Trainee: 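Shown below is the structure under consideration.
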Amino acid sequence: MQLTTPTRLLGTAEWRALEQAHEARADALTRGRRERAATGQTHPVDDFLFTYYPFRPGLLRRWHPGAGALLQGAATEPRANWKWYRTTGSDSQVDFAAFSEKNERVIAFIRALLAATRQRPAQFGCFGLHEWAMVYRQGEHRHIAPLRLGQGDTDAVVLENRIACSHFDAFRFFTPEALPLNQLQPTRENQPALEQPGCLHAGMDIYKWVIKLGPLVPGEVLLDSFELARDIRQLDMEASPYDLVDWGYTPVPVETAAGKAEYVRRQRGFTERSNALRERVIRLLD
């Protein structure tokens, strides 16, 4: 693996401005979560990004310039003592070689998965029915919101439609009765072979992979991946069987032809955004 990277110098005023802008953007993105945490409240859509993905808001706030950026005058700053940083005279930078050597297998897996997913044809026939399969013939549900159609009609939608979920981390939450209804049987082992860019959960997971790449990834890429995951999660739940009108969400009724068409229209947009972000991460790793 290549363990050296070209260096670009960021002047003190430049990198401080980038850091401050990043912190302000991160604070805006996480304000709702932080305010709810202070009062013990929960949100059925937005909290997912902090519970399913167990990353604290403070992690989003920490700005990294990415590999190859030398921060002028940063050797006396607290970040100089952060893990995976090293100093050069009065300057500081991400220790790309040390991070890459320690995390070589993880980096290789992430790069291969993102590249394979980006190159694979997108599939637009799932219509978000994975969320429906997660409540199929189930009396108790994970979310506090009620089912929009009730249990019986929700179960009927599952039986009347083709279930074709390609994402293991969605499939593993199917109810036992729904598991054999899926036309695919994704596993952790066959994930690289099945993951495809039309999958909403694969798009959300870019955020997870970027987090795992830590300081190698510039702050704007981290926050772009979080925003993508947030936007995708909204459609994920609007197309779900849950009634979220009281939370301000308009249902995308995928049990109808019009709802399916709306889902695919927005799914295509997320596919383009996801693949563009995958390409950015791959280029960083290359």
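The structure presented is a predicted model; accordingly, all values stated were derived computationally and were not measured.
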Trainee: Hey, is the main chain of Cys165 close enough, under 3.5 Å, to the side chain of Asn182 for a donor-acceptor pair?
Mentor: yes
Trainee: Donor-acceptor pair, Glu104 side chain versus Phe99 backbone, under 3.5 Å?
Mentor: no
Trainee: When you measure from the side chain of His22 to the backbone N and O of Pro218, does any donor-acceptor pair fall under 3.5 Å?
Mentor: no
Trainee: With a 4.0 Å cut-off, would you call Asp205 and Lys212 a salt bridge?
Mentor: no
Trainee: Do the side chain of Trp247 and the main chain of His43 share a donor and acceptor less than 3.5 angstrom apart?
Mentor: no
Trainee: Under 4.0 Å between a Lys/Arg side-chain N and an Asp/Glu carboxylate O for Arg33 and Asp47?
Mentor: yes
Trainee: Considering non-hydrogen atoms only, spot the tightest contact between Gly73 and Glu77 and give its length.
Mentor: O-CG, 4.3 Å
Trainee: Is it true that Arg148 and Glu131 make a salt bridge, defined as a side-chain N closer than 4.0 Å to a carboxylate O?
Mentor: no
Trainee: Quick check against the 3.5 Å criterion: does Trp82 have a side-chain atom that pairs as donor or acceptor with the backbone of Pro215?
Mentor: no
Trainee: With Asp246, which residues qualify under salt bridge (Lys or Arg N to Asp or Glu O under 4.0 Å), at least two apart?
Mentor: none
Trainee: Can you name the residues that form a side chain to side chain contact (heavy atoms under 4.5 Å, CB included) with Ser274, not counting sequence neighbours?
Mentor: Ile206, Leu228, Ile232, Arg278
Trainee: Any Lys/Arg nitrogen of Lys260 or Glu255 sitting under 4.0 Å from an Asp/Glu carboxylate oxygen of the other?
Mentor: no
Trainee: Report yes or no: does Thr175 contribute a side-chain atom to a donor-acceptor pair with the main-chain N or O of Tyr136 at less than 3.5 Å?
Mentor: yes
Trainee: I'd like to know if Glu19 and Arg61 make a salt bridge, using a cut-off of under 4.0 Å between side-chain N and carboxylate O.
Mentor: no
Trainee: With distance as the sole test, does Asn190 use its side chain to make a donor-acceptor pair with the main-chain N or O of Pro186 at under 3.5 Å?
Mentor: no
Trainee: With Arg172, which residues qualify under salt bridge (Lys or Arg N to Asp or Glu O under 4.0 Å), at least two apart?
Mentor: Asp169
Trainee: Would you please classify the geometry between the His201 ring and the Phe48 ring as parallel, tilted or perpendicular, with 30° and 60° separating the classes?
Mentor: perpendicular
Trainee: I would like to know whether Thr88 and Asp91 meet side chain to side chain donor-acceptor pair (under 3.5 Å); could you show each step before the answer?
Mentor: CA-CA 5 Å; Thr88 303; Asp91 306 327; over 6 Å; no
Trainee: Please confirm whether the backbone N or O of Pro197 pairs with a side-chain atom of Thr271, one donor and one acceptor, at under 3.5 Å?
Mentor: yes
Trainee: Any carboxylate oxygen within less than 4.0 angstrom of a Lys/Arg side-chain nitrogen, looking at Arg273 and Glu227?
Mentor: no
Trainee: Spell out, as yes or no, whether a donor-acceptor pair under 3.5 Å connects the side chain of Tyr263 to the backbone of Gly128.
Mentor: yes
Trainee: So which heavy atom on Ala74 is nearest to which on Arg79, and how close?
Mentor: CB-CD, 4.4 Å
Trainee: Check the pair Ser166, Gln196 against side chain to side chain donor-acceptor pair (under 3.5 Å), reporting the backbone distance first and the verdict last.
Mentor: CA-CA 8 Å; Ser166 60; Gln196 47 87 19; 3.3 Å; yes
Trainee: Looking at Arg118 and Glu279, is there a salt bridge between them, counting it only when a charged N and a carboxylate O are closer than 4.0 Å?
Mentor: yes
Trainee: When you check the gap from the basic side-chain N to the acidic O, do Arg111 and Asp286 get nearer than 4.0 Å?
Mentor: yes
Trainee: Does Ser225 use its side chain to pair, donor to acceptor, with the backbone of Leu222 at less than 3.5 Å?
Mentor: yes
Trainee: Flag the pair Asp236 and Arg233 as a salt bridge only when some basic side-chain nitrogen lies within less than 4.0 angstrom of an acidic carboxylate oxygen.
Mentor: yes
Trainee: Which distance, rounded to the nearest 0.5 Å, do you find between the CG of Leu184 and the CD1 of Ile163?
Mentor: 11.5 Å
